[in-house]
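What follows is a short report on a single structure.
Counting convention: from 1, in listed order, for ligands and their atoms alike. Remember, it's a predicted structure, so these values are computed and weren't measured experimentally.
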Amino acid sequence: MASASTIAVALEGQLRLDDQPAFDAAVALARQGGGRLIVLACRPEGQRLRGPHQRRLAAQALASLQARLTAAAIPLLHFPQLSTEAALAEHGDQLRPETVLHCQESRLFGDWPIAPASFPRVFAEFRRGLQRSPLPPLPPADLSGLGAGLEGWPRAWLPSHGLPSHGLQPHGLPPQPHGGDRRSAFPFRGDEPRALARLQHYLFNSDGLRHYKASRNGLVGTEFSSKFSPFLGIGSLSVRRIWAEVLHYQALHGDDEGSQWLQQELLWREFFLWSEQHHGACFHDPGGIQGRPPSGQPPNGEPPSGEPDRERFQRWTRADSGHAVIDAQLRELLATGYLSNRGRQWVASHFVNELRLPWIWGARFFEWMLIDAQPALNTGNWAYLAGVGSDPRSFGGTPRRFDLERQLRLYDPQDSHRQQWS
Ligand SMILES: Cc1cc2nc3c(=O)[nH]c(=O)nc-3n(C[C@H](O)[C@H](O)[C@H](O)COP(=O)(O)OP(=O)(O)OC[C@H]3O[C@@H](n4cnc5c(N)ncnc54)[C@H](O)[C@@H]3O)c2cc1C
């Protein structure tokens with residue numbers, strides 16, 4: 001059990017050791033004052049309920065983290081239903097930490113990259129306005145000799161309770177199927193060693209990054225895009241580590257189009273994360289950051305529309321939208337939790353423009369089903385496509401609409417995605 005000089009690191013959903021400033025600060029404190037470390041895995045404040053694919057991935061990452069902390073005699077105490085604050089309030093007499101340090105979501109910038117007062121509504125201005133470079137990542141902290149010991153903790157607090165076995169593989173081995181659909185474009189486990197192995201593979205052991213600009217609109221397979229998003233979503237990979245490795249790649253191979261394009265996509269992620277923080281609750285409202293009803297859709301705040309809409313929506317959630325290409329995309333989403341960026345755009349555009357259903361419904365369903373669900377990125381992209389977000393074309397106009405026939409000719413002339421998921 002914890003001694004008087006216990007220092008707690010609260011993971012807050014960040015399931016890795018790499019680039020975790022809170023671990024560094026905890027180690028410094030412990031070494032100064034002879035303290036001991038414990039780690040708390042609680043439900044991050046405000047985190048919405050996660051769907052089955054993302055939950056499975058997070059369980060794998062947690063089990064792996066536990067194995068590595070156990071090797072350093074650091075207890076990882078799991079309170080899946082409680083926030084850190086609630087866990088400390090409920091069990092403070094047993095935990096008794098002197099200090100609690102909270103991990104933070106991985107972002108390229110530690111503080112506002114553009115002053116909140118002049119935060120732009122569109123990405124191009126965000127990118128132009130950036131005045132700093134992303135922060136470099138920290139290496140994993142040396143935790144040796146700092147564990148508070150593994151004995152005496154209530155069994156129910158230890159994550160082996162109810163978690164799948166982690167089955168760790170040595171760093172760098174080929175991906176292990178996680179027991180899901182063999183057609184999955186994301187057949188990887190969610191733990192940190194896998195995340196780092198994928199990063200190395202995509203940047204240095206394959207031509208992935210070099211060809212990224214040309215391949216990123218692909219629909220089938222593991223290599224058309226980086227597949228970093230599921231790891232980022234559960235915090236088993238640091239976005240600063242990705243950025244630093246891209247810089248390393250550029251030092252070796254030059255800053256080619258592939259690496260520049262990936263940097264641009266990582267900045268899109270950053271844009272939506274800071275936008276959500278800037279706009280607050282209205283970011284997720286039906287009227288989006290534009291604060292206006294999506295064209296042809298129920299006005300902001302209006303109760304859900306009538307029975308036929310609900311019925312069409314329910315059919316859509318079962319991959320029965322009435323359009324074969326969209327249904328194939330939805331089948332992939334249901335079976336694996338992953339969907340290519342192009343596929344997500346098609347599905348969202350079809351939902352808004354052809355089915356004319358409230359985009360919020362589609363966004364909520366995606367948030368539940370995606371293996372990489374991240375509310376700021378999901379809402380940001382849905383609102384963009386619904387014409388109430390940061391698409392510059394939509395200000396005062398109508399949402400962009402994808403011509404599916406043309407899209408298919410461009411991105412899947414062989415119809416391979418539909419055949420794979422029919
Ligand atoms: C309707 C819709 C919903 C989406 N919901 C999510 C979500 O919940 N979580 C999520 O991580 N991404 C979401 N995206 C963005 C994007 O589709 C995924 O990040 C990407 O497909 C993940 O695969 P990847 O890591 O191989 O991407 P890559 O193409 O390899 O991109 C690398 C990284 O850049 C970032 N990125 C790429 N595209 C975008 C984008 N359009 N917006 C913001 N960041 C981006 C991601 O962090 C991604 O991991 C959504 C897009 C759409 C159109």
Side-chain angles (χ1 to χ4, degrees), residues 48 50-51 53-54 57 105-108 123 126-127 184-188 195 198-199 201-203 206 208-209 211-243 245-246 258-276 284 326 329-330 332-333 336-352 359-387 389-391 399-400 402 407:
R48 298 203 272 240
R50 284 175 155 170
H53 297 294
Q54 194 169 39
L57 211 66
E105 179 180 51
S106 179
R107 296 188 183 191
L108 291 174
F123 174 73
F126 172 79
R127 193 173 180 172
S184 177
F186 187 83
F188 311 112
R198 174 68 190 172
L199 179 60
H201 169 82
Y202 195 71
L203 269 57
S206 75
L209 184 57
H211 296 307
Y212 175 70
K213 183 171 182 240
S215 67
R216 59 183 281 276
N217 285 307
L219 302 168
V220 175
T222 56
E223 300 306 298
F224 65 80
S225 65
S226 70
K227 308 301 183 309
F228 296 155
S229 61
F231 300 117
L232 287 168
I234 57 165
S236 63
L237 183 60
S238 147
V239 71
R240 293 178 197 177
R241 176 65 58 204
I242 301 176
W243 192 272
E245 290 299 305
V246 172
S259 60
Q260 286 178 17
W261 211 272
L262 189 78
Q263 287 175 308
Q264 157 130 320
E265 295 307 322
L266 294 174
L267 288 176
W268 266 106
R269 174 181 184 271
E270 206 72 11
F271 171 63
F272 284 134
L273 292 173
W274 289 104
S275 289
E276 183 197 43
H284 294 280
I326 299 299
Q329 295 291 337
L330 289 168
E332 179 182 3
L333 175 66
T336 72
Y338 187 82
L339 209 52
S340 69
N341 185 56
R342 188 58 41 188
R344 294 178 206 212
Q345 289 178 323
W346 291 353
V347 171
S349 169
H350 180 264
F351 190 88
V352 171
W359 69 270
I360 286 283
W361 295 8
R364 282 290 151 83
F365 184 72
F366 261 42
E367 199 179 302
W368 173 254
M369 209 36 85
L370 281 171
I371 197 167
D372 60 10
Q374 213 309 339
L377 275 55
N378 188 48
T379 296
N381 277 286
W382 270 92
Y384 183 105
L385 290 160
S390 51
D391 180 0
R400 65 179 74 205
F402 286 77
Q407 290 279 312

Close side-chain approach of [X] to [Y], heavy-atom, < 4.5 Å:
X	Y	answer
Phe366	Val347	yes
Leu262	Val246	yes
Glu245	Arg241	yes
Asp372	Leu377	no

*Considering distance alone, does some N or O of Asp372 sit under 3.5 Å from an N or O of ligand 1?*
yes
*Establish, yes or no, whether the cationic atom of Lys227 lies under 6.0 Å from the six-membered ring centre of Phe224 and within 45° of the ring axis.*
yes
Looking at [atom1] of [X] and [atom2] of [Y], how far apart are the two atoms once the value is rounded to the nearest 0.5 Å?
X	Y	atom1	atom2	result
Ser340	Leu219	OG	CG	4.5 Å
Glu270	Ser275	CD	OG	10.5 Å
Leu108	Leu267	CG	CG	6.5 Å

*Gln54: what forms a side chain to side chain contact (heavy atoms under 4.5 Å, CB included) with it, not counting sequence neighbours?*
Arg50, Ile234, Ala373
Which of the atoms of ligand 1 are close to [X], meaning less than 4.0 Å from one of its heavy atoms?
X	result
Lys227	24 (P), 25 (O), 26 (O)
Tyr338	21 (O), 22 (C), 23 (O), 24 (P), 26 (O)
Ala373	8 (O)

*asked:* Between Glu223 and Arg198, does any NZ, NE, NH1 or NH2 come within less than 4.0 Å of an OD or OE carboxylate oxygen?
replied: yes
Check each heavy atom of [X] against ligand 1 and say whether those closer than 4.0 Å belong to the side chain, the backbone, both or neither.
X	answer
Val239	neither
Phe272	side chain
Val347	neither

_Is the ring pair Phe351/Trp382 parallel, tilted or perpendicular, if the boundaries are 30 and 60 degrees?_
perpendicular
*What is the ring orientation for Phe272 with Trp268, classed by angle as parallel under 30°, tilted 30 to 60°, or perpendicular over 60°?*
tilted
Report the nearest protein non-hydrogen atom to [atom]: residue, atom name, distance rounded to 0.1 Å.
atom	value
atom 16 (C) of ligand 1	Asn341 OD1, 3.4 Å
atom 8 (O) of ligand 1	Gln374 N, 3.0 Å
atom 30 (O) of ligand 1	Ser226 OG, 2.6 Å
atom 2 (C) of ligand 1	Asn381 CB, 3.5 Å
atom 33 (C) of ligand 1	Leu266 CD2, 3.8 Å
atom 22 (C) of ligand 1	Ser229 OG, 3.0 Å
atom 11 (O) of ligand 1	Leu377 CD2, 3.3 Å

For [atom], tell me which residue out of [options] has the closest non-hydrogen atom.
atom	options	answer
atom 4 (C) of ligand 1	Leu237, Leu385, Asn378	Asn378
atom 36 (N) of ligand 1	Glu265, Glu270, Glu223	Glu265
atom 43 (C) of ligand 1	Gln345, Arg269, Met369	Arg269
atom 13 (C) of ligand 1	Arg342, Gln264, Arg344	Arg344

Under 4.0 Å, counting heavy atoms only: does [X] come that close to any atom of ligand 1?
X	result
Gly233	no
Tyr384	no
Tyr212	yes

_Non-neighbouring partners of His350 that pass ring pair (Phe, Tyr, Trp, His ring centres under 6.0 Å), sequence neighbours left out_ = His323
